[in-house]
Amino acid sequence: MIHRRAFVASALVAALAVPAGLVAAQQKRASPHETVKATIDGANVSVTYGRPYVKGRKIFGGIVPYGQVWRTGADEATILETDKALMFGALHVNPGKVSLYSLLTDKTWTLVLNKQTGQWGTEYAQAQDLGRVPMKVETLAAPVEQFTITIEKNPAGKGGMLVMQWETTKASLAFSTM
């Protein structure tokens, strides 16, 4: 009987500790979070990410250093989820979840799709890369204060566009459904 009570007490403590751990992780967040969703050619696609603000800081080449993998947002790794296979350039992405990272220079962006999910954004493991795809980079006429990701229908025809905007930069990448 004593062992049963000890087991029940241990289980209760463990059950209470899980929500407390989730609350602690939420409190570490520095930025608001958002999930954007779209249905593109029958595929349900979503991106969940942290949305940091510029707050007067130099973003690209500053807070986001050139030549280093960036978590593409704030806090936890940014997650792309799809219920159908997608093609980003020549890179095939199976249904499910992948983390999105970016590798930037002063003129280029490369989207890094990574098989590892659920990690804090700075816990990047290159060995888990699914692949890397170059993005189109443009300068915006007006600055964007809060990092924004959208999933849009491709204006050039079938498929979609993954679009990222922040500061005075817009980076985009076309994708198609399989």
Side-chain angles (χ1 to χ4, degrees), residues 18-19 21-54 59-60 63-64 69-104 109-126 128-138 140 144-167 169-178:
V18 170
L22 291 174
V23 169
Q26 295 276 341
Q27 289 174 343
K28 288 182 184 178
R29 288 182 169 174
S31 299
H33 284 240
E34 182 173 349
T35 298
V36 294
K37 298 177 181 183
T39 300
I40 305 292
D41 297 340
N44 296 305
V45 182
S46 68
V47 175
T48 303
Y49 68 110
R51 299 193 61 206
Y53 289 89
V54 173
I59 300 302
F60 302 115
I63 298 295
V64 177
V69 173
W70 171 50
R71 67 178 110 191
T72 312
D75 308 323
E76 299 93 352
T78 294
I79 300 294
L80 179 138
E81 185 170 5
T82 178
D83 65 352
K84 300 217 184 310
L86 303 176
M87 290 292 291
F88 288 89
L91 182 63
H92 181 266
V93 177
N94 286 324
K97 295 180 181 182
V98 293
S99 293
L100 300 181
Y101 292 92
S102 301
L103 182 59
L104 289 57
W109 279 44
T110 301
L111 183 67
V112 180
L113 293 102
N114 188 278
K115 296 177 276 187
Q116 182 181 10
T117 60
Q119 72 278 14
W120 193 251
T122 56
E123 297 172 15
Y124 168 71
Q126 184 173 356
Q128 293 291 319
D129 282 359
L130 181 61
R132 297 176 177 208
V133 185
M135 299 182 78
K136 178 182 177 186
V137 180
E138 303 171 61
L140 296 168
V144 173
E145 175 65 22
Q146 189 177 20
F147 180 61
T148 303
I149 297 176
T150 56
I151 305 164
E152 305 169 4
K153 186 79 179 139
N154 189 339
K158 287 192 166 202
M161 299 291 296
L162 181 65
V163 180
M164 301 175 191
Q165 298 180 77
W166 201 19
E167 201 177 40
T169 302
K170 175 182 177 181
S172 59
L173 177 60
F175 66 89
S176 59
T177 59
M178 306 274 309

Item checked: Shortest non-hydrogen separation from T82 to N94 and the atoms involved -> CG2-O, 3.8 Å
Note to self: What verdict does the side-chain contact (heavy atoms from CB on, under 4.5 Å) test give for T148 and R51, after you've listed the backbone C-alpha separation in whole Å, the side-chain angles of each residue and the deciding distance to 0.1 Å?
What the structure shows: CA-CA 7 Å; T148 303; R51 299 193 61 206; 2.8 Å; yes
Next item on the list: Report the C-alpha distance between E167 and T169 in whole Å, list the side-chain angles of each, state the deciding distance to 0.1 Å, and finish with yes or no for side chain to side chain donor-acceptor pair (under 3.5 Å).
Entry: CA-CA 6 Å; E167 201 177 40; T169 302; 5.1 Å; no
Checklist line | Ring centres under 6.0 angstrom apart (F147, Y49) | finding: yes
Checklist line | Smallest separation among heavy atoms of Y101 and G121, with atom names | finding: CE2-O, 3.1 Å
Margin query: With a 6.0 Å cut-off on the ring centroids, do F60 and W109 count as close?
Written below: yes
Note to self: The test is side-chain contact (heavy atoms from CB on, under 4.5 Å); show your working for D75 and H33 and say whether it passes.
What the structure shows: CA-CA 9 Å; D75 308 323; H33 284 240; 2.8 Å; yes
Check: For W166 and M164, what are the C-alpha separation, side-chain angles and deciding distance, and is it a side-chain contact (heavy atoms from CB on, under 4.5 Å)?
Finding: CA-CA 7 Å; W166 201 19; M164 301 175 191; over 6 Å; no
Check: Are the side chain of Q146 and the backbone N or O of Y53 linked by a donor-acceptor pair below 3.5 Å?
Finding: no
Next item on the list: Examine the side chains of T72 and T78 and answer whether a donor and an acceptor come within less than 3.5 Å of each other.
Entry: no
Note to self: Checking L104 against V64 for the side-chain contact (heavy atoms from CB on, under 4.5 Å) test, could you report, in this order, the C-alpha distance in whole Å, the side-chain angles of both residues, the deciding distance, and whether it holds?
What the structure shows: CA-CA 8 Å; L104 289 57; V64 177; 3.9 Å; yes
Margin query: For P52 versus G50, what's the shortest heavy-atom pair and its separation?
Written below: CD-O, 3.1 Å
Item checked: Greater than 12 external heavy atoms within 6.0 Å of K115's NZ -> yes
Checklist line | Pairs where residues 41-50 contributes a residue and the test salt bridge (Lys or Arg N to Asp or Glu O under 4.0 Å) is met, not counting sequence neighbours | finding: D41-K153
Item checked: Polar side-chain atom of T177 near backbone of A43 as donor-acceptor pair, under 3.5 Å -> no
Next item on the list: Using a strict 4.0 Å threshold on nitrogen-to-oxygen distance, state whether E76 and R71 make a salt bridge.
Entry: no
Checklist line | Sidechain-backbone polar pair: Q119 side chain, T117 backbone, donor-acceptor under 3.5 Å | finding: yes
